[in-house]
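One structure is given below, encoded as structure tokens.
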Amino acid sequence: MYDAIGIEVRPTASGDCRVTVAGELDVCSAPAVRTALRDAVSRHDRVEVDCAGLRFCDCAGLSALQSAAHAARTAGTELRLYAVPQALARLLRHFRIEGVSVAGQPPPGARPDVPPSRRTRDPTATPATALLR
């Protein structure tokens, strides 16, 4: 675990999986996120990734998401990102990462790693659904 990233993987009641990623997804933290997401998509039919607490994502972080999307396509798993920051949504659209869908809000019952007192509404966060379809 790196200081700049928080990763929580929890199975849901339906047997699927919810992964919460908070902090900075960069060259230092990307390997841990890549491993967590690839493990999740190999074990579940659907993986929901809550990005509400994600503050930064560089090209290594984008590569980790692309790797997870490839693993999801190979495994036949649905990979869905929620509450994706606008800058990351733009990168996902630009690079046309297939196998991932993007939705606006976290799934019901999601527990963000960022305490409510520290969360602020990001005016640039996208409410768009399925940006990559």
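Please read all numbers here as calculations on a predicted model, not as lab measurements.
Between the side chains of T12 and R46, not a single donor N or O lies within less than 3.5 Å of an accepting N or O.
Side-chain contact between D50 and V21 is absent, with no heavy atoms from C-beta onward closer than 4.5 Å. Between S67 and R38, the closest side-chain pair of non-hydrogen atoms falls below 4.5 Å. Looking at D26 and I5, their side chains never come closer than 4.5 Å, going by heavy atoms from C-beta outward. Side-chain contact check for L25 versus D58: every heavy-atom pair is 4.5 Å or farther apart.
Classification of E48 and R80 as a salt-bridged pair fails, no side-chain N sitting under 4.0 Å from a carboxylate O.
V49 and F56 fall into different hydrophobic clusters, where Ile, Leu, Val, Met, Phe, Trp and Tyr residues are linked whenever their side-chain heavy atoms come under 4.5 Å apart, directly or through other members. The hydrophobic cluster containing V27 does not contain I7, counting ILVMFWY residues as joined when their side-chain heavy atoms lie under 4.5 angstrom apart, directly or transitively.
The minimum heavy-atom distance between A89 and V84, with the atom names listed, is N-CG1, 3.6 Å. Contact detail for A64 and A30: the closest heavy-atom pair is CB-O, 3.8 Å. Looking at every heavy atom in both residues, C17 comes nearest to A40 through SG-CB, 4.0 Å.
Note that the CG atom of L79 and the OG1 atom of T77 stand 8.5 Å from one another [nearest 0.5 Å]. For the atom pair OG1 (T20) and CG (L54), the distance works out to 11.5 Å, reported to the nearest 0.5 Å. Atom CZ of R18 is separated from atom NE2 of H44 by 11.5 Å, given to the nearest 0.5 angstrom.
No side-chain donor-acceptor contact under 3.5 Å links S63 to the backbone of C59. No donor-acceptor distance shorter than 3.5 angstrom exists from the side chain of D45 to the backbone of D16, with no hydrogens or angles considered. When atom types are taken as modelled, the side chain of S42 and the backbone of D39 share a donor-acceptor pair closer than 3.5 angstrom. Looking only at distances, no side-chain donor or acceptor of H94 sits under 3.5 Å from a matching main-chain atom of R90. At distances below 3.5 Å, at least one donor-acceptor pair connects side-chain atoms of S29 with backbone N or O atoms of E24.
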